[in-house]
Amino acid sequence: MSQITTENSAIDEVVGGYQLSALDRCDSCGAQAYVRATLASGELFFCAHHAKEVRAKIEPIALEWLDESSRLLENA
């Protein structure tokens, strides 16, 4: 396991190649974030629900669209 420092200065463990952790929260509702959109002006975090709502508008202008929402189905 390696460690990274997030913008909030919290140290998260990257497990199984995932970059987002339970500490990353949706900027819209505060739920756990499964999507990170990196823009020229900074990062936005979204739960799977809000990511679906904004994807068509934000993904075309994003430098990176990291979607880890498939993690929701891992233990199903």
Side-chain angles (χ1 to χ4, degrees):
M1 286 188 238
S2 62
Q3 293 183 344
I4 59 172
T5 304
T6 64
E7 194 170 297
N8 295 330
S9 298
I11 296 180
D12 302 325
E13 290 187 11
V14 178
V15 179
Y18 296 126
Q19 295 182 27
L20 298 174
S21 75
L23 297 176
D24 295 308
R25 308 313 287 180
C26 176
D27 290 327
S28 294
C29 69
Q32 183 173 346
Y34 288 95
V35 175
R36 180 182 67 218
T38 304
L39 308 172
S41 59
E43 295 179 326
L44 294 172
F45 294 87
F46 298 103
C47 63
H49 166 79
H50 284 111
K52 286 179 188 177
E53 285 186 350
V54 300
R55 185 174 189 158
K57 292 181 181 179
I58 294 181
E59 189 176 25
I61 61 170
L63 302 174
E64 179 186 24
W65 182 268
L66 175 67
D67 187 344
E68 296 181 357
S69 58
S70 63
R71 292 170 51 195
L72 292 166
L73 303 175
E74 284 182 354
N75 295 323

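The structure presented is a predicted model; accordingly, all values stated were derived computationally and were not measured. Numbers for residues simply follow the sequence, beginning at 1.
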In a table with atom names and distances, give each donor-acceptor pair under 3.5 Å that connects a side chain of residues 50-58 to protein atoms at least two apart or in another chain.
from  : atom 1 : to    : atom 2 : distance (Å)
Glu53 : OE2    : His49 : NE2    : 3.2
Arg55 : NE     : Glu59 : OE1    : 2.9
Arg55 : NH2    : Glu59 : OE2    : 3.2

Taking Leu20's backbone N and O only, do any of them form a donor-acceptor pair with Arg71's side chain (distance below 3.5 Å, no angle check)?
yes
side-chain hydrogen bond (donor to acceptor under 3.5 Å, both in side chains) filter on Asp67, not counting sequence neighbours, yields Ser69
Looking at CG of Asp24 and SG of Cys47, how far apart are the two atoms once the value is rounded to the nearest 0.5 Å?
13.0 Å
Report the C-alpha distance between Leu39 and Ile61 in whole Å, list the side-chain angles of each, state the deciding distance to 0.1 Å, and finish with yes or no for side chain to side chain contact (heavy atoms under 4.5 Å, CB included).
CA-CA 7 Å; Leu39 308 172; Ile61 61 170; 4.2 Å; yes
Measure the spacing between CG of Leu66 and CZ of Phe45 and express it to the nearest 0.5 Å.
9.0 Å
Which heavy-atom pair separates Glu68 from Gln19 by the least distance, and what is that distance?
OE2-N, 2.7 Å
SG of Cys29 to CZ of Phe46, rounded to nearest 0.5 Å, is 10.5 Å
Between Glu64 and Arg36, is there a side-chain heavy-atom distance shorter than 4.5 Å?
yes
Between Trp65 and Leu44, is there a shared hydrophobic cluster once you connect ILVMFWY residues whose side-chain heavy atoms come closer than 4.5 Å?
yes
